[in-house]
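What follows is a single structure, written as structure tokens, with notes after it.
Nothing here was measured: the structure is a model prediction, and the numbers come from that model. Per chain, numbering begins at 1; letters A, B, ... match sequence-line order.
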Amino acid sequence: MNRSETYIEDFPVQGFQQDLINWYQEHQRDLPWRLNQDPYRVWVSEIMLQQTRVDTVIPYFNRFLSLFPTLTDLAEADEEKVLKAWEGLGYYSRVRNLQTAVREVAEQYGGTIPDTADEISKLKGVGPYTAGAILSIAYGVPEPAVDGNVMRVLSRILLIYEDIGKAKTRMLFEDAVRKLISKEDPSSFNQALMELGALICTPKSPACLICPVQEHCRAFDQGRQKELPVKEKKIKIRHVDMAALILRNQEGKYLIHKRPKEGLLANLWEFPNVPVQKRGVSEKEDLKVFIEAEWGISAAVGDQVSNIEHVFSHLKWNIQLFEGQCSHEAMDAADLKWVTLEEMESYPFPVSHQKIIKLAKEVTA
DNA sequence: AAGGCGGGGGG
DNA sequence: CCCCCAGCCTT
């Protein structure tokens with residue numbers, strides 16, 4: 001007997017399914033990826049929705065699908081164009097993994113996205129949640145799709161005090177969903193749990209008074225909905241001081257650099273920059289030395305233009321921004337280019353460096 | 001099991 | 001300010 005049976009025992013599964021799905025049929029939002037059940041569209045939407053709000057995703061989804069309407073279109077596209085379509089959405093490895101995976105589907109499965117848990121879970125970037133979401137929504141397979149919403153909702157309904165920050169806890173909720181899920185309509189059931197989490201059973205102040213499954217909710221019954229879910233404190237973020245340079249040559253072009261293919265902001269473009277040990281000591285010299293050593297470019301580094309703060313989930317950059325000139329001829333390499341502001345628009349930049357582009361336009365205007 | 005990996009909206 | 005969002009990968 002696994003632990004979820006303790007939670008499902010004496011739970012009115014049928015009535016819960018009915019009330020949940022009926023509410024969903026009536027109140028579900030009109031979202032672009034609900035237009036049909038095309039597995040490719042479902043897949044793209046689920047990747048975009050990882051750690052990202054619905055309202056943020058909508059315009060990206062529409063643009064992405066118009067650029068890459070089919071799995072084949074995405075498989076054959078240039079990675080740079082794909083990253084550009086993802087620019088600003090964050091977690092860029094999602095889309096690099098997605099393209100790797102659709103290429104694998106094109107080659108290994110003749111372009112048809114697999115419909116079994118074993119096969120689909122092997123695809124790059126498809127974890128337990130995404131596998132369950134695609135299988136249930138696109139193929140009607142009764143697999144759990146447990147995300148943050150589902151853990152919050154079910155922790156309240158079933159009164160589960162396990163820490164949802166722990167990896168093992170997700171499996172507990174998956175076991176619960178396997179016992180709760182509607183075999184007749186797994187798609188609606190899974191989406192209904194998430195929709196309920198988004199619209200009613202929200203993190204801070206759940207709208208229990210209008211909740212369609214209020215009568216099935218153990219937390220509401222005991223007035224404990226605000227205690228759930230239980231989640232560990234998150235760690236403090238690290239601070240990193242950096243110096244960056246808006247470098248122009250005599251043609252008025254700007255130097256940009258492509259980041260390495262792994263790690264933070266992989267394969268995105270940036271302005272030349274170096275981490276600095278101590279603020280206010282030798283940023284200008286650090287930049288000059290770095291650019292000379294790295295690319296053999298001799299630059300005259302001028303005044304500080306601005307200061308940029310950019311916060312990630314795990315670290316914070318404080319970037320001192322300088323401008324500089326050099327007489328270097330426009331010699332491009334794969335990861336180093338001299339471009340005009342107009343040409344720059346076709347390269348994918350992280351938001352932190354989009355801020356620099358904006359300043360470059362002001363400074364040189 | 002823990003940490004890296006983006007960015008933005010809402011309380 | 002902090003939280004947290006339709007998570008996954010690597011170590």
Q) What is the ring orientation for His257(A) with Trp295(A), classed by angle as parallel under 30°, tilted 30 to 60°, or perpendicular over 60°? A) tilted

- Query: Aromatic rings Phe189(A) and Phe16(A): how do their planes relate, parallel, tilted or perpendicular, breaks at 30° and 60°?
  - Reply: perpendicular

What is the distance from [atom1] of [X] to [atom2] of [N], rounded to the nearest Å?
X         : N      : atom1 : atom2 : result
Tyr60(A)  : dG6(B) : OH    : C1'   : 10 Å
Ile237(A) : dG4(B) : CD1   : C1'   : 14 Å
Trp86(A)  : dG7(B) : CH2   : P     : 13 Å
Leu49(A)  : dG8(B) : CG    : P     : 16 Å
Glu87(A)  : dG7(B) : CD    : P     : 10 Å
Asp147(A) : dC5(C) : CG    : C1'   : 9 Å
Asn97(A)  : dG6(B) : CG    : P     : 11 Å
Asp163(A) : dA1(B) : CG    : C1'   : 12 Å

What does [X] touch in the nucleic acid at a heavy-atom separation under 4.0 angstrom: a base, only the sugar-phosphate, or nothing?
X         : value
Ser93(A)  : nothing
Ser205(A) : nothing
Arg259(A) : nothing
Ile47(A)  : nothing
Val57(A)  : nothing

Comparing nearest nucleotides in DNA chain B, the 5'-proximal residue of the pair Asp55(A), Ser352(A) is Ser352(A)

Assert: residue with more 5' nearest nucleotide on DNA chain B, out of Phe349(A) and Glu232(A), is Glu232(A)

| query | Any luck finding a side-chain donor-acceptor pair between Arg94(A) and Gln51(A) under 3.5 Å? | reply | no

* Asked: Would you say the side-chain atoms of Gln28(A) and Glu195(A) include a donor-acceptor pair closer than 3.5 Å?
  ->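 No.
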
Can you see if the side chain of [X] gets near the phosphate of [N] - specifically, an N or O under 4.0 Å from OP1 or OP2?
X         : N      : value
Tyr91(A)  : dG4(B) : no
Lys124(A) : dG7(C) : no
Thr130(A) : dC8(C) : yes
Arg152(A) : dC5(C) : yes
His314(A) : dG3(B) : no
Gln50(A)  : dG7(C) : no

request  = Go through the N and O atoms of the side chain of Thr52(A) and the base of dG6(B), and report whether any donor-acceptor pair is under 3.5 Å.
outcome  = yes

Ranking Trp33(A) and Ser121(A) by the position along DNA chain C of their nearest nucleotide, the one closer to 5' is Trp33(A)

The answer to which of Lys204(A) and Gly197(A) contacts DNA chain C further toward the 5' end, by nearest nucleotide, is Lys204(A)

Consider the side chain of [X], meaning its heavy atoms from C-beta on, and name the nucleotide among [options] that approaches it most closely.
X         : options                : value
Ala167(A) : dA1(B), dG7(B), dC5(C) : dA1(B)
Lys231(A) : dG6(B), dC5(C), dA6(C) : dC5(C)
Gln51(A)  : dC5(C), dG7(B), dA6(C) : dC5(C)

Practice problem: Inspect the surroundings of NZ in Lys261(A) and state if more than 12 heavy atoms from other residues, nucleotides or ligands are less than 6.0 Å away. | Solution: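 12 or below, so no.
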
Would you indicate whether Glu262(A), at its atom CD, is surrounded by more than 12 heavy atoms from other residues, nucleotides or ligands within a distance under 6.0 Å?
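Counting other residues, nucleotides and ligands, CD of Glu262(A) stays at 12 neighbours or fewer.
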
Checking N1-N3 plus N6-O4 or O6-N4 for Watson-Crick, or N1-O2 and O6-N3 for wobble, each under 3.5 Å, the partner of dT11(C) is dA1(B)

*asked:* With rounding to the closest Å, how many angstrom separate the P atoms on dG4(B) and dA6(C)?
replied: 24 Å

Could you tell me how far dG6(B) sits from dT11(C) if I compare only their P atoms? Round to whole Å. 16 Å

| request: Indicate yes or no: does Lys84(A) engage Glu80(A) in a salt bridge with an N to O separation below 4.0 Å. | output: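 Looking at Lys84(A) and Glu80(A), the cut-off is not met.
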
